[in-house]
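Structure first, commentary second.
Computed from a predicted structure; not experimentally measured. All chains are named by letter (A, B, ...) in the order of the sequence lines, taking the proteins before the strands, and each is independently numbered beginning at 1.
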Amino acid sequence: MLDLIKQPWPWYIAGPLIGLTVPVLLIIGNKAFGISSSLSHICAACFPANVSFFKYDWKKEAWNLFFVFGILIGGGLAASLLQNPDPFVINPKLAAELSGYGITNYNNFIPAEIVNWSALFTAKGLLMIVAGGFLIGFGTRYAGGCTSGHSIMGLSTLQWPSLVATCCFMVGGFIMANLLLPLILSI
Amino acid sequence: MSIKEKNKAPLTGNIKYLIVGVLFGIVFVKAEIISWFRIQEMFRLQSFHMYGVIGSAVLVGLVSVLIIRKFDIKTLGGEKIVLPVKAFSKGQIYGGLLFGLGWAITGACPGPLFAQIGTGATIVIITFLSAVAGTWTYGYLKEKLPH
């Protein structure tokens, strides 16, 4: 059984479990599933700096910070206790493309050869780590939600603005992965 | 909110969300949703995995919400369940495109950032701090941006 759990979980197990988060959060405390708002609560708690957008009672939303801290712990537990002993399998086409950029190590969840502490102050590292993170934080708040708040919670409750947001997430992702990232990885 | 709920210390009241988060984080790691490589496959149409995850998650969420509405299911505390309404703004387009770019370059949306840090990828702490800075910058510039 444990051996089975250690294998990568298929989409038809993982997807429904993620979907169940929606009713679970609603039933245990009337909370709307969403993750990117935690970044806003951190700003409101740590550096509100008189910006009106961050002047709200973040303590009322503290549940969200507990939730994301749980995700961090869950990530640690899964990586330490339930680690898959087999090598990571990726599509051969992707492997061929990435090897052209010197990325051949698939043992981590991030491309360790280009995303690491010593790469942080290179042009490529700054773009992949700092600029990428900035776009996540700026973009999700501008859009009013991320993959969880819009694509899962919003679509589950049939909100058309969330469909617009989800389509834009995908368009942005396709542009980056296919047009811009090859340029960045060639640096 | 029941009286019992009100009297609970905030910490114990919030532990249940931490537990849901832990389970959620385990799913993120075990289904490799936090993998930069899986996100690259998704945006290159080289794997069905992520589409299956998101699609089946939405389907289960949708059916759950329909059941909650149909049977007027209450929270454990006896409250009526409130579903948030997302108002349209152009931010969903501009912000959505910008987030999409960030999602593909880092291989992470906000949830996976936390899980990646948990797995020991300490460099992602910088990505996370930069995401907090991005959120702060949005809050600072909000009035000047088109919505």
For this session: Not counting sequence neighbours, which residues clear ring-ring contact (aromatic ring centres under 6.0 Å, His included) with A:F174? List them please.
Result: B:F43

For this session: For residues A:W9 and B:I26, determine if any side-chain heavy atom of one lies less than 4.5 Å from a side-chain heavy atom of the other.
Result: yes

Exercise. Please walk me through it: do B:F24 and A:F67 pass ring pair (Phe, Tyr, Trp, His ring centres under 6.0 Å)?
Worked result: CA-CA 9 Å; B:F24 195 75; A:F67 180 59; 5.6 Å; yes

Side chain, backbone, both or neither: which part of [X] has an atom under 4.5 Å from a heavy atom of chain B?
{"X": "A:K59", "value": "neither"}
{"X": "A:I103", "value": "side chain"}
{"X": "A:I5", "value": "backbone"}

Could you pull out the closest heavy-atom pair between [X] and [Y], with the gap in Å?
{"X": "B:G111", "Y": "A:I71", "value": "O-CG2, 3.7 Å"}
{"X": "B:L98", "Y": "A:G139", "value": "CB-CA, 4.1 Å"}
{"X": "A:W117", "Y": "B:T122", "value": "NE1-OG1, 2.8 Å"}
{"X": "A:M153", "Y": "B:L83", "value": "CE-CD2, 4.3 Å"}

Exercise. Hey, is CG on A:D86 packed in by over 12 heavy atoms from elsewhere, all under 6.0 Å?
Worked result: yes

Exercise. Should we say atom CZ of B:F48 is surrounded by more than 12 heavy atoms from elsewhere, each under 6.0 Å from it?
Worked result: yes

Exercise. Hey, which of A:C46, A:G19, A:A49, A:C168 has the most heavy atom pairs under 4.5 Å with chain B?
Worked result: A:C168

Exercise. Atom CG of A:N30 and atom CD of B:E79: how far apart are they, to the nearest 0.5 Å?
Worked result: 5.0 Å

Are the aromatic ring centres of [X] and [Y] under 6.0 angstrom apart?
{"X": "B:F114", "Y": "A:F69", "value": "no"}
{"X": "B:Y94", "Y": "A:F138", "value": "no"}
{"X": "B:F88", "Y": "A:W160", "value": "yes"}
{"X": "A:F53", "Y": "B:Y140", "value": "no"}

Problem set entry | Stepwise ring pair (Phe, Tyr, Trp, His ring centres under 6.0 Å) check, A:F109 with B:W36 | CA-CA 6 Å; A:F109 292 109; B:W36 184 86; over 10 Å; no

For this session: Go through the atoms of B:L23 and report whether side chain, backbone, both or neither lie under 4.5 Å from a heavy atom of chain A.
Result: neither

Exercise. For B:T75, which residues count as a side-chain hydrogen bond (donor to acceptor under 3.5 Å, both in side chains) partner, sequence neighbours excluded?
Worked result: none

Exercise. Are A:E97 and B:R44 ion-paired here, with the side-chain N under 4.0 Å from a carboxylate O?
Worked result: yes

